[in-house]
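Below is one structure, written out as structure tokens, with a few remarks after it.
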Amino acid sequence: MTTEPLLAVLDLLGTFVFGLNGALTALRATRLDIVGVVTLGMVTAMGGGIVRDVLIGDVPPATLRDWPYLALAASGGLLAFVLARWLDRWELPITVLDAVGLSVFAVIGASKAMAFGLGVWPSIILGTITGVGGGTIRDLMVGRVPSVLRSELYAIPALVASAITVAAVGLGVYGLPAALGAAAVCFLIRMVGVGFGLNAPGAGRVGGPESGNQEP
Amino acid sequence: MTTEPLLAVLDLLGTFVFGLNGALTALRATRLDIVGVVTLGMVTAMGGGIVRDVLIGDVPPATLRDWPYLALAASGGLLAFVLARWLDRWELPITVLDAVGLSVFAVIGASKAMAFGLGVWPSIILGTITGVGGGTIRDLMVGRVPSVLRSELYAIPALVASAITVAAVGLGVYGLPAALGAAAVCFLIRMVGVGFGLNAPGAGRVGGPESGNQEP
Amino acid sequence: MTTEPLLAVLDLLGTFVFGLNGALTALRATRLDIVGVVTLGMVTAMGGGIVRDVLIGDVPPATLRDWPYLALAASGGLLAFVLARWLDRWELPITVLDAVGLSVFAVIGASKAMAFGLGVWPSIILGTITGVGGGTIRDLMVGRVPSVLRSELYAIPALVASAITVAAVGLGVYGLPAALGAAAVCFLIRMVGVGFGLNAPGAGRVGGPESGNQEP
């Protein structure tokens with residue numbers, strides 16, 4: 001967990017929302033039982049950070065060491081299972097919070113990779129993976145080509161935030177202002193993408209029951 | 001490998017049966033050559049333990065260090081390739097032995113995670129992953145939504161056995177009796193599920209050629 | 001990176017061609033944006049080595065430490081995105097260079113596993129994974145059953161080259177001649193397979209738009 005309280009709070013918020021949104025997305029794509037829904041919520045919330053931690057050699061991964069991550073990811077998935085129909089009415093706020101999670105995950109992921117001594121480009125890639133990796137694994141597990149490979153405005157903002165973060169660390173000016181600035185840029189690009197329909201609202205999801213197919 | 005002889009024997013038996021059953025399941029789901037069948041048998045038998053070992057930082061994974069695992073997993077897959085049609089008549093005993101493997105894998109996985117200093121919940125999750133992870137990866141590789149996400153009575157017994165194991169370790173009473181007790185509970189729940197058709201016999205499999213589809 | 005200049009050059013060439021060919025293959029299988037194409041090219045080029053390095057405990061993986069790998073893998077993917085239609089005319093040379101990459105990756109992967117103290121069989125498996133792992137992950141990400149599970153003459157030559165490499169290391173005669181010999185055997189088997197149509201030219205790929213389906 002990051003030592004900066006504000007970032008830590010946003011990181012935990014992101015974990016919960018990724019768990020919730022990831023589970024809802026999985027529910028829309030295929031038939032699942034409660035084990036499946038909660039599992040896929042947790043995979044979405046924790047998958048990106050786990051891949052990053054395995055690749056930089058920080059094992060056990062942070063999300064398996066710090067219980068709040070596990071608890072919030074599981075709670076998000078469980079809530080999605082219980083309230084799936086009701087939550088469908090809250091698509092916009094969930095999309096907004098999901099973008100907050102994406103932004104914070106990318107910034108924290110990129111700065112952690114730099115702190116573990118990785119180079120500029122690997123750190124940018126690992127920051128992006130932290131943001132989009134969980135949803136990618138979730139999509140694979142429900143038999144969909146990961147939406148992040150098809151719609152630019154989910155991976156691109158994470159890539160931009162990671163690049164700003166890496167630049168700030170490299171220039172020795174990384175701190176809370178730089179982290180929030182990088183996250184804000186990611187958030188804004190993502191929101192512009194959502195607002196102008198540059199991809200479907202709630203990107204990473206599909207709209208109806210038919211769209212769970214492999215090849216739309 | 002565990003130092004307890006009885007557990008070690010059951011662990012090796014489970015590895016062989018997972019290799020056999022995993023390869024049979026893969027054969028039913030899609031067209032494969034001998035490389036594919038043996039690979040998927042080995043993935044089923046060793047995948048869960050490898051994911052666990054990577055996540056707790058015990059690399060190279062135990063199944064790549066101890067040759068009997070590799071040999072038994074490959075033998076199971078090879079036998080499935082050679083005797084596929086004949087083995088179809090032995091579905092029930094294979095299902096029973098598969099449940100033994102599931103039980104032992106979960107108990108060993110959970111106790112190993114505790115031994116490596118992971119917390120209660122992560123250890124329960126890693127025990128479950130040890131039991132169901134290999135079949136999950138196998139399903140992904142043949143283009144199926146993992147059956148463990150759809151049918152409660154494969155993951156749930158592994159989760160229960162992991163929880164009992166973790167509790168026993170936490171209370172300082174873990175040993176052969178506790179391990180066998182936890183495994184027995186898992187085995188019984190799984191057998192009840194199979195017996196009452198709470199999911200298809202030989203869960204994790206599909207019945208006919210059509211059922212290899214992505215979205216049944 | 002290997003310290004042997006000729007092997008290092010072939011390794012880098014293989015990385016570029018795997019990035020290019022992997023991205024082309026992904027483009028043929030499904031609809032993707034530029035992020036997806038470059039990502040899948042990089043996954044194809046670097047995935048096998050990353051899995052190997054995670055399993056032997058050499059993290060961060062070599063391809064994330066040495067920038068030329070990352071740059072060449074990304075360049076290959078980018079080139080495929082820009083010149084996809086034009087590159088279709090160059091299928092044979094790309095297939096030949098892809099076989100060079102397969103051969104070198106298998107040899108380097110197997111010798112690295114031996115150097116990290118793994119046993120004979122795990123080293124053979126890890127050499128094979130180094131060669132075919134990236135394409136396998138790429139196929140999973142575009143929703144195809146990995147072609148390596150269906151067509152013997154992509155995995156088998158990598159397996160043979162890995163076995164020769166492991167034997168040479170075990171006998172204490174591993175060096176540039178042995179490495180090139182093992183790679184040459186792999187290359188020849190692969191080329192014989194391509195030439196006699198033992199699998200489709202450009203194995204690991206599918207020919208037309210329909211063939212991106214899950215179950216051909």
Side-chain angles (χ1 to χ4, degrees), chain A residues 29-30 50-59 61 112-129 131-133 135-160 189 193 198-199 203 212-216, chain C residues 23 26-43 46-47 49-75 77 81 136-146 206 209-216:
Chain A
T30 190
I50 287 176
V51 169
R52 175 204 59 211
D53 286 351
V54 166
L55 291 181
I56 65 177
D58 182 33
V59 287
K112 182 168 183 179
M114 289 294 278
F116 273 73
L118 276 89
V120 165
W121 283 102
S123 295
I124 294 175
I125 290 173
L126 287 171
T128 310
I129 288 176
V132 310
T136 302
I137 302 173
R138 188 248 356 257
D139 281 350
L140 293 178
M141 293 183 79
V142 297
R144 291 203 298 161
V145 176
S147 53
V148 73
L149 298 177
R150 298 185 163 188
S151 107
E152 286 183 44
L153 284 172
Y154 203 76
I156 295 280
L159 198 68
V160 171
I189 301 176
L198 298 182
N199 51 9
N213 291 317
Q214 195 64 29
E215 305 289 338
Chain C
L27 266 175
R28 284 185 196 115
T30 190
R31 183 172 55 82
L32 296 165
D33 63 22
I34 185 171
V35 172
V37 173
V38 176
T39 299
L40 290 170
M42 294 175 73
V43 161
M46 300 165 51
I50 288 177
V51 169
R52 174 204 61 210
D53 287 350
V54 165
L55 291 180
I56 65 178
D58 182 32
V59 287
T63 49
L64 292 182
R65 282 195 313 258
D66 298 333
W67 66 266
Y69 288 113
L70 207 57
L72 285 169
S75 306
F81 182 78
T136 303
I137 303 174
R138 184 236 14 244
D139 281 349
L140 292 179
M141 292 184 81
V142 297
R144 290 203 298 161
V145 176
V206 288
E210 307 86 352
S211 51
N213 291 316
Q214 194 66 30
E215 304 289 336

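Here is the naming used below: chain letters follow the sequence lines, and residue numbers restart at 1 for every chain. Model, not experiment: these values are computed from the prediction.
When every heavy atom of A:Leu118 is checked against every heavy atom of C:Pro60, the shortest pair comes out as CD1-CG, 3.7 Å. Nearest heavy atom pair, residue C:Met42 against residue A:Ile125, reads CE-CD1, 3.6 Å.
Interface remark: C:Leu64 contributes backbone and side-chain atoms alike to the contact with chain A (heavy atom separation under 4.5 Å). For a residue to count as touching a neighbouring chain, one of its non-hydrogen atoms must lie under 4.5 Å from one of that chain's; by this rule A:Leu159 does not touch chain C. Contact of A:Thr136 with chain C is made through the side chain alone, with heavy-atom distances under 4.5 Å.
To the nearest 0.5 Å, atom CG of residue C:Leu70 and atom CD1 of residue A:Ile124 are 9.5 Å apart. Once rounded to the nearest 0.5 Å, the distance linking CD1 of A:Ile156 with CD1 of C:Ile34 reads 7.5 Å.
The closest donor-acceptor contact from the side chain of A:Arg150 to the backbone of C:Arg31 lies under 3.5 Å.
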Decide side-chain contact (heavy atoms from CB on, under 4.5 Å) for C:Val59 and A:Leu55; before the verdict, give the C-alpha distance in whole Å, the side-chain angles of both, and the deciding distance to 0.1 Å. CA-CA 6 Å; C:Val59 287; A:Leu55 291 181; 5.6 Å; no

